[in-house]
Amino acid sequence: MSYVYLGIAIVSEVIATSALKASEEFSRLVPSIIVVVGYGVAFYCLSLTLRTIPVGIAYAIWSGVGIVLIALVGLFWFRQALDLPAIIGMALIIAGVVVVNLFSKAVPH
């Protein structure tokens, strides 16, 4: 169940971050509300994750997957280009998350 909470935390954080861009410095009400609620849900679910997954591992997964997802949202939703170094960097982040999950003894399997 911890990974379900972690997934919800990641998706909520990505939604909140996307809404942060759309809020135009908190000058638009609906995106601003989505930001506050999204981050609230993200941190609550992350706290539930920490019951069984070590904080360093959970945060590494949360931030790594979140970086890649928000970059994809930026690419497709906001039309923000990714250059080759950005793509290579995100591939390395994904590789790091996979290595941590498959080989770390700190991750509950």
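Residue numbers start at 1 and run along the sequence shown. What you see is a predicted model; the values in this text were computed from it and never measured.
Members clustered with Leu50: Val55, by chain and number, using a 4.5 Å side-chain heavy-atom cutoff among hydrophobic residues.
Every side-chain hydrogen bond (donor to acceptor under 3.5 Å, both in side chains) that Tyr39 has, sequence neighbours left out, goes to Thr17. Residues passing the side-chain contact (heavy atoms from CB on, under 4.5 Å) test with Ala22, sequence neighbours excluded: Arg28, Pro31. Evaluation of the side-chain hydrogen bond (donor to acceptor under 3.5 Å, both in side chains) rule for Ser63 yields no partner, not counting sequence neighbours. For the side-chain contact (heavy atoms from CB on, under 4.5 Å) test, residues two or more places apart in sequence or in another chain that qualify with Ile8 are Val4, Ser12, Val41, Cys45. Leu84 is linked by a side-chain contact (heavy atoms from CB on, under 4.5 Å) to Ile88, counting only residues two or more places apart in sequence or in another chain. When the side-chain contact (heavy atoms from CB on, under 4.5 Å) test is applied to Phe26, the partners found at least two apart in sequence or on another chain are Leu20, Ser23, Ser32, Val35.
Ile34 and Leu29 are assigned to two separate hydrophobic clusters, defined by single-linkage of ILVMFWY side chains at heavy-atom distances under 4.5 Å. One hydrophobic cluster, built from ILVMFWY side chains closer than 4.5 Å, cannot hold both Tyr5 and Ile57; they sit in different ones. A chain of hydrophobic side-chain contacts below 4.5 Å, direct or via other Ile, Leu, Val, Met, Phe, Trp or Tyr residues, connects Leu75 to Ile67. Leu92 and Val98 are assigned to two separate hydrophobic clusters, defined by single-linkage of ILVMFWY side chains at heavy-atom distances under 4.5 Å. Using a 4.5 Å cut-off between side-chain heavy atoms of Ile, Leu, Val, Met, Phe, Trp and Tyr, with links allowed through other members, Ile15 and Leu72 fall into different hydrophobic clusters.
The shortest side-chain heavy-atom distance between Ile61 and Tyr3 falls under the 4.5 Å cut-off. For the pair Ile70 and Glu13, the minimum side-chain heavy-atom distance is 4.5 Å or more.
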_Please evaluate residues Asp83 and Ile87 with respect to the criterion side chain to side chain contact (heavy atoms under 4.5 Å, CB included), reporting the C-alpha separation (whole Å), side-chain torsions for both, the decisive distance (0.1 Å), and the verdict._
CA-CA 6 Å; Asp83 60 6; Ile87 293 168; over 6 Å; no
*Give the C-alpha distance, both sets of side-chain angles, the deciding distance and a yes or no for side chain to side chain contact (heavy atoms under 4.5 Å, CB included) between Lys21 and Gln80.*
CA-CA 12 Å; Lys21 168 99 170 115; Gln80 298 170 341; 3.6 Å; yes
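Legend: ring-ring contact (aromatic ring centres under 6.0 Å, His included) pairs involving residues 68-95, not counting sequence neighbours: none detected. Here ring-ring contact (aromatic ring centres under 6.0 Å, His included) pairs that include residues 47-73, with residues two or more places apart or in two chains, are Phe43-Trp62, Tyr59-Trp62.
Side-chain atoms of Thr52 and Ser2 include a donor-acceptor pair closer than 3.5 Å.
Nearest heavy-atom pair across Gly66 and Val14 is O-CG2, 4.0 Å. In plain terms, the two heavy atoms of Leu6 and Ala58 that are nearest each other are CD1-O, 3.9 Å. The minimum heavy-atom distance linking Ser18 with Val73 is given by the pair OG-CG1, 3.2 Å.
Here the straight-line distance linking atom CG of Leu46 with atom CD1 of Ile53 works out to 9.0 Å at 0.5 Å rounding.
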